[in-house]
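Taking it in order: structure first as structure tokens, then the write-up.
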Amino acid sequence: MIEEPTMMAESKEIESGRMKAIIRERFGSPDVLQIKELEKPAPDDAHGVLVKIYASSVNAADKYEIRGPPSFILRLALFRSGVRRPKEQRVGSDIAGRVEAVSNNVTQFKPGDEVYGVCNGAYAEYATAKENRIALKPKNRSFDESAAVPIAGLTALQALRNHGQIKPGQRVLVNGAGGGVGTFAVQIAKSFGAEVTAVTNTGNLDLVRSLGADHVIDYTKEDFTKNGQMYDLIVDTASSHSISTYKRILNPNGTFVLVGMRDKIIRRLISFIIRARLSRGDKKFLFFVAKGNQEDFVTLKELMESGKIMPIIDRRYSLGETAQAVRYFEEGRTRGKIVITMDDDKPSRSASYPSSRRMA
């Protein structure tokens, strides 16, 4: 097998007040990513917390930050990406690290605090974050594990609780249960007392069982829409069936929530919205984009500290291997999350998918 080239940092020592960061000057494949030495940012009134980042993780939204939204209309909608060229050269959202400095108006955090959450330009050694977009890191989770949580965990939580209105005893189906959002959705649904059916591929069956799924369906061998089962809530990250098909397997007053930023989902989104708005009856069809907020990061922290959810990490890559990490993500085979660490001496091949286990 031919190894992919690794983006190498400059050999000289990084000077005081400087840092390494991943940038891209144009939209394109992961090949446009470069590791550069930049000025270390300083906290200000808007982004008041400077975080020394120990780990980040790859999300579908990062892919479109790199390649650009697939249509001109979506590029206008996702204004932060820019229309023809990136507005912001740095990429990445999820962070876990330690507070380095704060601005005068920050009251909740101080230098030395271990935190996790979201910010712009997370693929870097340092970034500034808004005070209300981070929370204290779970005490029982490493920086790598905590960095795997923010966007994916937030999306799963808001899909189930805010939009799905999940209740104890409901029958919940998670389609795409082996991915980043899916692995969290299975665990969070169980924490709410739901009966969970997880749909995934053959290689992920044991994984989703270990996360607490009551029933597991291998979509390569069985069509979950044709087995006669009905559900109160469906969370779908795969967009594998039509609205009319999903409607047939929803109970009265049931809810379907479409999540994710995969190509197939985006292509079908406009059609989905139009048809959902025209539909009649008591069944709801929803699409949403997760919103980062401190309260939900605290909720996820508490779920982790109580052992009700645990991050699943497929692979770890160093900061200099970010392009390789994104390429692997784009292959669509990720089990759980891909983590980017700030240790450039750590080879990607040494990082492997950890064995999953339910915590007491």
Side-chain angles (χ1 to χ4, degrees), residues 6-28 30-59 61-62 64-66 68 78-106 108-134 137 143 146-147 150-151 292 317-326 339-346:
T6 300
M7 295 183 296
M8 299 301 294
E10 297 179 19
S11 59
K12 68 178 183 178
E13 289 287 326
I14 298 298
E15 301 171 359
S16 177
R18 307 284 284 177
M19 69 170 188
K20 289 180 287 186
I22 299 298
I23 70 162
R24 46 71 170 109
E25 297 174 342
R26 58 187 174 85
F27 294 123
D31 294 334
V32 303
L33 297 176
Q34 309 171 57
I35 188 164
K36 291 274 189 173
E37 184 182 340
L38 305 175
E39 290 290 336
K40 186 165 67 174
D44 56 28
D45 290 343
H47 299 82
V49 184
L50 175 65
V51 179
K52 179 176 175 59
I53 300 172
Y54 293 123
S56 183
S57 69
V58 180
N59 293 292
D62 301 336
Y64 296 110
E65 288 285 317
I66 296 165
L78 299 174
F79 63 92
R80 196 184 86 182
S81 298
V83 177
R84 298 187 182 280
R85 285 186 173 273
K87 282 187 175 182
E88 169 61 56
Q89 290 189 341
R90 291 173 58 186
V91 292
S93 299
D94 291 346
I95 59 167
R98 185 172 282 112
V99 174
E100 178 98 346
V102 298
S103 63
N104 291 333
N105 61 351
V106 169
Q108 299 181 69
F109 303 101
K110 63 184 184 302
D113 285 344
E114 296 182 349
V115 296
Y116 86 116
V118 294
C119 70
N120 296 342
Y123 295 164
E125 292 181 315
Y126 292 89
T128 53
K130 294 182 178 180
E131 185 176 17
N132 62 357
R133 294 294 187 270
I134 59 174
K137 180 181 75 66
F143 288 108
S146 299
I151 296 296
Y317 291 83
S318 70
L319 181 64
E321 298 171 318
T322 299
Q324 292 156 262
V326 176
V339 167
I340 306 293
T341 74
M342 300 306 128
D343 180 3
D344 273 323
D345 295 326
K346 181 188 295 182

Take Lys52 and Glu125 through the test salt bridge (Lys or Arg N to Asp or Glu O under 4.0 Å) and record every step on the way to the result.
CA-CA 6 Å; Lys52 179 176 175 59; Glu125 292 181 315; 5.9 Å; no
Could you check whether any side-chain heavy atom of Glu114 comes within less than 4.5 Å of a side-chain heavy atom of Tyr54, counting everything from C-beta outward?
no
When every non-hydrogen atom of Ala129 is compared with those of Cys119, the smallest separation belongs to CB-CB, 3.8 Å
Donor-acceptor pair, distance only, cut-off 3.5 Å: does the side chain of Asp62 make one with the backbone of Val91?
no
Between Arg90 and Ala21, which heavy-atom pair has the shortest distance, and what is it?
NE-CB, 4.2 Å
Would the number of heavy atoms belonging to other residues, nucleotides or ligands and lying under 6.0 Å from NZ of Lys130 be above 12?
no
Return yes if some donor-acceptor pair links the side-chain N/O of Arg133 with the main-chain N/O of His47 below 3.5 Å, else return no.
no
Rounded to the nearest 0.5 Å, what's the gap from OH on Tyr317 to OG on Ser57? Could you check?
13.5 Å
Please find the pair of heavy atoms, one from Ala55 and one from Val339, that lie closest to each other, and give the distance.
CB-CG1, 4.1 Å
Measure from the side-chain N and O atoms of Glu131 to the backbone N and O of Gln108, and report whether any donor-acceptor pair falls under 3.5 Å.
yes
Here the gap from Glu88 atom CD to Arg24 atom CZ, rounded to the nearest 0.5 Å, amounts to 7.5 Å
Interatomic spacing from CD1 in Ile95 to OH in Tyr116 - rounded to 0.5 Å
11.0 Å
Can you tell me how far CD of Glu100 sits from NZ of Lys40, rounded to the nearest 0.5 angstrom?
4.5 Å
Rounded to the nearest 0.5 Å, what separates atom CE in Met19 from atom CD1 in Ile53?
7.5 Å
Backbone N/O of Asp94 and side chain of Ser56: donor-acceptor pair under 3.5 Å
yes
Atom CG in Leu33, atom CD in Glu321: separation rounded to 0.5 Å?
13.0 Å
State, yes or no, whether a side-chain contact exists between Leu50 and Pro43 at a heavy-atom distance under 4.5 Å.
yes
For a side chain to side chain contact (heavy atoms under 4.5 Å, CB included) with Pro41, tell me which candidate from Thr128, Val51, Asn120 qualifies.
Thr128
Does Lys20 pair with Glu37 as a salt bridge, N-O distance under 4.0 Å?
no
Looking at side-chain heavy atoms only, is the closest gap between Val115 and Val49 below 4.5 Å?
no
Just by modelled atom types, is the Asp45 backbone N or O under 3.5 Å from a matching donor or acceptor in the Asn105 side chain?
yes
Can a donor-acceptor pair be found, under 3.5 Å and without considering hydrogens, that links the side chain of Asn59 to the backbone of Ala61?
no
Pick one: which of Ile66, Ile340, Val58 meets side chain to side chain contact (heavy atoms under 4.5 Å, CB included) with Thr322?
Ile340
Closest heavy-atom contact between Met342 and Ala122?
CE-O, 4.4 Å
Do the non-hydrogen side-chain atoms of Ile23 and Leu38 ever get within less than 4.5 Å of each other?
yes
